[in-house]
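If you scroll down you'll find the structure; I have some questions about it.
Keep in mind that the numbers below use all heavy atoms, side chains included, and drop hydrogens, waters and symmetry copies.
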Amino acid sequence: MSPIDHTHNPAARSWVTSANAPDGDFPIQNLPFAVFRHQGGDEAFRGGVAIGDQVIDLARVAELGCLEGLAHEAVLAGAHPYLNDLMAMGPEAARALRHGLFALLKEGADGPAVDALRGCLTPQVAVQYTVPVQVHNYTDFYTSIHHARNVGRLIRPDQPLSPNFQWLPIAYHGRASSVVVSGTDFHRPMGQALPQGASAPVYGACARLDFELEMAIYVGQGNALGEQVPLAQAEEHIFGMGLLNDWSARDHQFWEMAPLGPFLGKNFCTSVSPWVVTMDALAPYRVAAVARPSGEPQPLAYLADAANQRAGGIDVRLTVGLETAQHRQRNLPPAEITRTSFRHQYWTVAQMLTQHTVGGCNLQSGDLLGTGTISGPAPEEAGAIVELSVGGSQPLTLAGTGEQRTFLQDGDTVVLRGWCEAPGAARIGFGECRGMVLPAKS
């Protein structure tokens, strides 16, 4: 796991004034990565780092030679249209770049390199983003026991958990081509569903469209085909994390998942936030992994490690906002419909990665892993509308407009936000992940 060092000092401030805002997402202790270009142009995308309300242009940093040694090599890799090459360099290179930028950005820093870096900043409001990596493979996990129980009760009231859930991190291989960056709208999917009480399915637009509050895990260094990644080394293969919305067509999904896993119910769109927060930045917010009560299944040896149990969890606070057409017309903020934390996840990020490789699967730099829906123990901490509305039987009333929802309607925008805070640590954030539902194309 990443060490805590001087870059986590909560008293550290930057000469970029906006980075010192007490509730900002991007203080000097964060320094997350994205891929961007200026709005309205056709220039190449390249890597950037957030500081306050600015983006540091890594291509420009490389051109001006602001950094040296391994940090400079990392800048060169990060200046590409995707972050895969930077991620492939491993944690030491990412850490060298983090430390190098921190030294140049801290309050009181001066010299030619600092002067050059001032010319590498662009306001975030003036840029557009794309997916931060070239996603060759996307795997979505199912690792919240609260989500599993909530959804399982709708289908199997007497046995909501599948027999394997408490023994291994369950996952399916998703569709990489339909992973999109935050702000990309999508059309309501078409497909088959079995109406209640019917004996034959019907074809049509999804009637039970849902979001899923998840986090994205980005693989750093990969592993060779046939090579397992031990649990104690798993986080050395994780570059960082972001926000992820696994949009779900529940009526299509529940019909087609017999006997195989999700297909059309999931493959039409997956949204990710533009910013990737490194594992180094997340070091102060580590917490114990979820404890298994005695008498319940305990992880098998290859998924058990004292260090992972002691600090394998991460306390990322998460919210979901729902913005309807009425909210936009009346200039109202999105209605918050859930608030929870990633610390409740039953399986840790290290256990997910180790499980992925235990059979010899070769992960590649930039591979995307979804954590699965993140739900907490309380009903208001559910990470999907199918849980919040109890399968559509209990409509949600939205703050601001008084509208009700059982599932998402056309024109609805879902906004995910995440941040970390802890005693003795600065607050850092992930930005947002948003997407709007457009009418189906029949």
Do Phe407 and Val386 touch side chain to side chain, with heavy atoms closer than 4.5 Å? yes
Any chance the side chains of Asp315 and Ser341 put a donor and an acceptor closer than 3.5 Å? yes
Between Thr413 and Arg328, the two heavy atoms sitting closest are OG1-NH1, 3.3 Å
Within the 3.5 Å criterion, strictly below it, is a donor on Asn164 or Ser162 matched to an acceptor on the partner's side chain? yes
Looking at Glu387 and Arg153, is any side-chain nitrogen of the basic one under 4.0 Å from a carboxylate oxygen of the acidic one? no
Leu97 CG to Met89 CE distance, which is reported to the nearest 0.5 Å: 9.0 Å
Is there a donor-acceptor pair under 3.5 Å between the side chain of Ser182 and the backbone N or O of Pro274? no
Side chains of Ser271 and Trp247, donor plus acceptor under 3.5 Å: yes
Taking the side chain as every heavy atom from C-beta outward, state whether Tyr142 and His147 have any atom pair closer than 4.5 Å. yes
Is Ser14 reaching over with its side chain to a backbone N or O of Ala19, donor-acceptor style, under 3.5 angstrom? no
State, without any angle test, whether Arg95 and Thr7 hold a side-chain donor-acceptor pair at a distance under 3.5 Å. no
For residues Ser248 and Asp210, is any side-chain donor paired with an opposing acceptor at under 3.5 Å? no
Using a strict threshold of under 4.0 Å (side-chain N to carboxylate O), is an ion pair present between Asp25 and Arg427? yes
Would you say the side chains of Asn223 and Asn362 form a donor-acceptor pair under 3.5 Å? no
Val320 side chain reached by Val415 side chain, heavy atoms, under 4.5 Å: no
I want to check something: taking the side chain as every heavy atom from C-beta on, are Arg149 and Leu161 in contact at a cut-off of under 4.5 Å? yes
Between Asp305 and Arg310, is the closest basic N to carboxylate O distance under 4.0 Å? no
Hey, could you give me the CG/CZ distance between Asn9 and Arg13, rounded to the nearest 0.5 Å? 12.0 Å
Looking at Val180, is its backbone amide N or carbonyl O close enough to the side chain of Thr184 to form a donor-acceptor pair, meaning the two atoms are under 3.5 Å apart? no
Between Gln29 and His8 (side chain of the first, backbone of the second, donor and acceptor by atom type, cut-off under 3.5 Å), is there such a pair? no
Is there a donor-acceptor pair under 3.5 Å between the side chain of Gln345 and the backbone N or O of Thr371? yes
Backbone N or O of Gly242 within a donor-acceptor pair of the Ser273 side chain at under 3.5 Å? no
Below 4.5 Å, heavy atoms only, C-beta onward: do Asp53 and Val125 meet side chain to side chain? no
Side-chain touch Leu282/Ser2, heavy atoms, less than 4.5 angstrom: no
Just by distance, with hydrogens left out, do Glu296 and Gln166 show a side-chain donor and acceptor under 3.5 Å apart? yes
Is it the case that atom CD in Glu68 sees more than 12 heavy atoms from other parts of the structure closer than 6.0 Å? no
Are the ring centres of His187 and Phe268 closer than 6.0 Å? no
Hey, are the side chains of Leu264 and Gln253 touching, using non-hydrogen atoms and a 4.5 Å cut-off? no
Could you verify whether a donor N or O on one side chain and an acceptor N or O on the other, from Thr357 and Gln228, lie under 3.5 Å apart? no
Run the numbers on Lys266 and Glu256 for salt bridge (charged side-chain N to carboxylate O under 4.0 Å, His left out), then give the verdict. CA-CA 11 Å; Lys266 298 279 192 176; Glu256 71 189 3; over 6 Å; no
Derivation of the ring-ring contact (aromatic ring centres under 6.0 Å, His included) call for Phe141 and Tyr172: CA-CA 7 Å; Phe141 281 86; Tyr172 70 92; 9.4 Å; no
Nearest heavy atoms of Leu31 and Arg98, plus distance in Å: CD1-O, 3.9 Å
So, Tyr302 versus Gln355: side-chain donor-acceptor pair below 3.5 Å or not? yes
Do the side chain of Asn245 and the main chain of Phe211 share a donor and acceptor less than 3.5 angstrom apart? no
So, do His6 and Phe102 sit near enough that their side-chain heavy atoms are less than 4.5 Å apart? yes
How long is the span from the CD1 atom in Ile428 to the CZ atom in Phe430, to the nearest 0.5 Å? 6.0 Å
Tightest non-hydrogen contact, residues Ala422 and Tyr285, listed as CB-CD2, 3.9 Å
Compare every heavy atom of Ala171 with every heavy atom of Thr139, then report the nearest pair and how far apart it is. CG2-CB, 3.7 Å
Interatomic distance, Ile56 atom CD1 to Arg118 atom CZ [nearest 0.5 angstrom]: 12.0 Å
Can we say Glu381 and Arg339 salt-bridge, meaning some charged N sits less than 4.0 Å from an Asp/Glu carboxylate O? no
Between Arg417 and Glu336, is there a salt bridge with N-O shorter than 4.0 Å? no
Under a 3.5 Å threshold, yes or no: a donor from one side chain and an acceptor from the other, between Arg175 and Ser177? yes
Test side chain to side chain contact (heavy atoms under 4.5 Å, CB included), reference Ile314, set Arg343, Met279, Met215, output is Met279
To the nearest 0.5 angstrom, please state how far the CG atom of Leu101 sits from the CG atom of Leu117. 6.5 Å
Quick check against the 3.5 Å criterion: does Asp246 have a side-chain atom that pairs as donor or acceptor with the backbone of Gly372? no
Verify, without hydrogens or angle tests, whether Gln351 (side chain) and Thr348 (backbone) share a donor-acceptor contact under 3.5 angstrom. yes
If only side-chain N and O atoms count, and only distance matters, is there a donor-acceptor pair under 3.5 Å linking Trp419 with Glu421? yes
Can you see whether Asn267 engages Ser178 through a side-chain donor-acceptor pair at a distance of less than 3.5 angstrom? no
Can you check ring-ring contact (aromatic ring centres under 6.0 Å, His included) on His80 and Phe45, steps first, answer last? CA-CA 7 Å; His80 295 169; Phe45 283 99; over 10 Å; no
Is a side-chain donor-acceptor pair under 3.5 Å present for His38 with Glu43? yes
Among Asp410, Val414, Leu408, which one satisfies side chain to side chain contact (heavy atoms under 4.5 Å, CB included) with Asp412? Leu408
Smallest separation among heavy atoms of Ala59 and Arg46, with atom names: CB-CG, 4.0 Å
Check whether Gln309 reaches the backbone of Ala289 with its side chain - one donor and one acceptor, N or O, closer than 3.5 Å. yes
Side chains of Thr324 and His327: donor-acceptor distance under 3.5 Å anywhere? yes
Tell me whether the rings of His344 and His146 are parallel (<30°), tilted (30 to 60°) or perpendicular (>60°). perpendicular
Roughly how far, to the nearest 0.5 Å, is CD1 of Ile28 from CG of Leu105? 5.0 Å
Would you call the rings of Phe165 and Tyr346 parallel, tilted or perpendicular if under 30° counts as parallel and over 60° as perpendicular? tilted
Decide whether His99 and Asp5 meet the rule of one side-chain donor and one side-chain acceptor closer than 3.5 Å. yes
Can you see which heavy atom on Cys120 is nearest to which on Ala116, and at what distance? SG-O, 3.4 Å
